[in-house]
Amino acid sequence: MSIFRFALAFGLLAAALPVWAHHELRAEFDEQKPVSLRGIVTRFEWNNPHAYVYVDVKDASGEIVNWAVEWASPLDLRKTGWTRDSLKVGDTVSVEGWLARDGSKLASGRTIVLASGKRLAEAPETEAAKQSQSKPVPRWPDGHPRLGVAGQEKGYWANPSAASLVDIAAGQIRMDNDGLLANLDDAGKVAPFQPWAKGLYEYRQRTLLKDDPMLSCLPPGGPRMFQVAHGVQFLEQPERQRIFVMSGGGNRNWRLIYLDGRKLPNSDDVTPTYFGYSSGHWDGDTLVVESDAFVERFWFSNGGLPHTEALRLIEKFSRPDFNTLKYEVLVDDPGTYTRPWSSAWTLHWIADQDIPEYFCQDDSKDEPHMVGPGAPVTLNR
């Protein structure tokens with residue numbers, strides 16, 4: 001049996017690894033190969049999608065070698081006390097990290113300590129859910145729940161309770177926050193795959209999700225919009241009978257849901273998109289949304305679940321209490337799955353904050369280093 005065991009590296013369980021919002025960390029770096037570096041900072045890049053620290057390090061032969069150390073985005077690093085002035089050229093630092101799988105002088109940073117003793121760590125996996133004071137669910141004058149902010153308040157939805165789409169009938173399946181299975185033998189339980197789709201899903205898992213389209217800064221379409229880091233925000237326009245759903249997970253992506261009763265277009269008559277075409281209506285306190293005309297180019301869930309342009313979704317959004325958004329989805333794609341199937345999870349209300357904006361396109365350097373292995377990797381505890 002091939003097992004992806006969650007690693008313990010530098011005192012942190014892999015289940016508590018940071019969210020690297022646009023790719024699976026293990027496809028680029030090997031947590032079984034820790035590295036310690038000591039040297040002089042030559043450059044500090046405070047850029048999206050990742051910050052970089054470049055360090056001149058003296059190797060065993062006495063030669064000076066310049067290393068690049070990759071960190072999370074500035075958006076995440078700020079949560080643990082980093083600023084663009086945290087490091088300066090000429091600082092002496094000690095770095096703990098993981099080596100790149102491709103053998104280059106590149107590491108994934110876990111901690112960095114300055115000569116003064118100041119310690120900076122990688123960003124936490126997710127922002128701790130803030131328990132807001134219990135309040136009634138806000139409602140519009142027509143009685144429907146508000147899915148977004150009310151009045152002058154701030155807030156957005158984040159911290160999904162599930163990492164990936166999984167058939168409700170499958171029960172509990174262990175995986176990390178990017179949808180990477182703890183046990184590859186569980187692949188057949190995740191969804192009712194057609195044989196070709198199961199093979200493709202297993203390939204993506206075996207190669208540690210290295211071909212994830214979000215690595216190329218493509219949008220998190222479909223249900224994945226409600227799984228990626230940095231959350232979502234609903235901008236409701238009842239007077240226009242429509243809702244915008246904004247993603248904090250990359251490049252100002254947004255989706256439009258019409259509430260004016262229009263029928264979905266014939267998919268042969270429109271250009272498929274990452275978010276599809278959506279038409280919704282209220283059924284009591286639940287917003288029911290039908291969507292189709294999806295392009296195949298994106299992964300519609302964390303973990304690499306495949307789909308075809310035959311994909312059709314029926315989504316349900318409800319707000320059972322002030323702090324909880326319930327998301328339910330029925331997946332119907334006869335080109336990929338043997339039957340329609342359902343999944344569901346919740347998101348938590350992050351109060352008193354604007355939705356963060358994560359940008360992927362500024363300075364992405366990861367793709368050449370994504371070398372995920374061709375066979376499952378067993379990680380040490």
Side-chain angles (χ1 to χ4, degrees), residues 7 9-10 12 14 16-57 65-89 91 93-114 119-126 176-178 180 208-212 214-217 228-230 249-251 358-373 377 379:
F10 310 115
L12 295 176
L17 287 174
V19 168
W20 292 58
H22 78 284
H23 72 273
E24 165 57 53
L25 184 64
R26 294 179 185 85
E28 188 174 3
F29 302 100
D30 189 344
E31 64 269 46
Q32 296 186 80
K33 295 181 178 179
V35 62
S36 298
L37 305 171
R38 180 173 174 80
I40 305 298
V41 174
T42 61
R43 190 160 83 251
F44 178 34
E45 295 183 353
W46 186 250
N47 294 326
N48 280 307
H50 299 295
Y52 275 83
V53 179
Y54 294 85
V55 183
D56 272 349
V57 179
V65 179
N66 192 246
W67 281 76
V69 184
E70 178 178 323
W71 303 84
S73 74
L75 184 67
D76 293 316
L77 293 176
R78 287 191 185 98
K79 297 174 184 177
T80 52
W82 292 64
T83 71
R84 65 172 59 251
D85 298 318
S86 291
L87 298 170
K88 295 180 174 58
V89 173
D91 283 347
V93 295
S94 297
V95 179
E96 300 289 336
W98 297 342
L99 286 174
R101 291 185 181 275
D102 65 0
S104 61
K105 300 301 182 184
L106 172 67
S108 168
R110 311 260 55 84
T111 62
I112 187 167
V113 180
L114 282 71
R119 181 180 182 275
L120 296 168
E122 180 59 278
E125 173 196 354
T126 57
D176 73 5
N177 288 304
D178 294 295
L180 192 65
L208 305 181
L209 315 180
K210 74 179 182 67
D211 298 318
D212 189 341
M214 286 186 69
L215 174 64
S216 300
C217 303
V228 295
H230 311 309
N251 304 338
Y358 171 86
F359 292 98
C360 174
Q361 77 271 29
D362 290 353
D363 191 27
S364 186
K365 301 176 181 178
D366 300 295
E367 194 164 5
H369 302 284
M370 303 293 281
V371 298
V377 175
L379 302 180

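What you see is a predicted model; the values in this text were computed from it and never measured.
L99 places none of its side-chain heavy atoms less than 4.5 Å from the side chain of D30. Using a 4.5 Å heavy-atom threshold, the side chains of Y54 and V89 count as separate. A 4.5 Å side-chain heavy-atom check between L209 and L215 finds every atom pair outside the cut-off. L120 has its side chain out of reach of W71: every pair of non-hydrogen atoms, C-beta onward, lies at least 4.5 Å apart. Contact check for I112 versus V69: no side-chain heavy atoms found under the 4.5 Å cut-off.
Separating the OG1 atom in T80 from the CZ atom in R119 is a distance of 10.0 Å, to the nearest 0.5 Å. Rounding to the nearest 0.5 Å places NE2 of H50 at 12.5 Å from CD of E45. The OG atom of S73 sits 11.0 Å away from the CG atom of N47 when rounded to the nearest 0.5 Å.
When only modelled atom types and interatomic distance are considered, D102 and S104 share a side-chain donor-acceptor pair under 3.5 Å.
Side chain of D178 to backbone of L180: no donor-acceptor contact under 3.5 angstrom is found.
A pairwise comparison of heavy atoms in G81 and S86 identifies O-OG, 4.2 Å as the closest pair. Taking both residues in full, the closest heavy atoms of K88 and D85 are given as NZ-O, 3.2 Å, listed atom of the first, atom of the second, then distance. The nearest pair of heavy atoms linking L77 to A51 is CD1-CB, 3.7 Å. The two residues A68 and Y52 come nearest to each other via the heavy atoms CB-CD2, 4.2 Å.
Listed by chain and residue number, F44 satisfy the ring pair (Phe, Tyr, Trp, His ring centres under 6.0 Å) test with W46 (two or more places apart in sequence, or in another chain). Residues forming a side-chain contact (heavy atoms from CB on, under 4.5 Å) with V57 (at least two apart in sequence, or on another chain): L37, V55, W67. Taking S94 as the reference, R38 meet the side-chain contact (heavy atoms from CB on, under 4.5 Å) condition, with sequence neighbours excluded. Applying the side-chain hydrogen bond (donor to acceptor under 3.5 Å, both in side chains) rule to T111 yields no partners; only residues at least two apart in sequence or on another chain are considered. Taking the side-chain hydrogen bond (donor to acceptor under 3.5 Å, both in side chains) definition, one finds that D56 meets it with N66, sequence neighbours left out.
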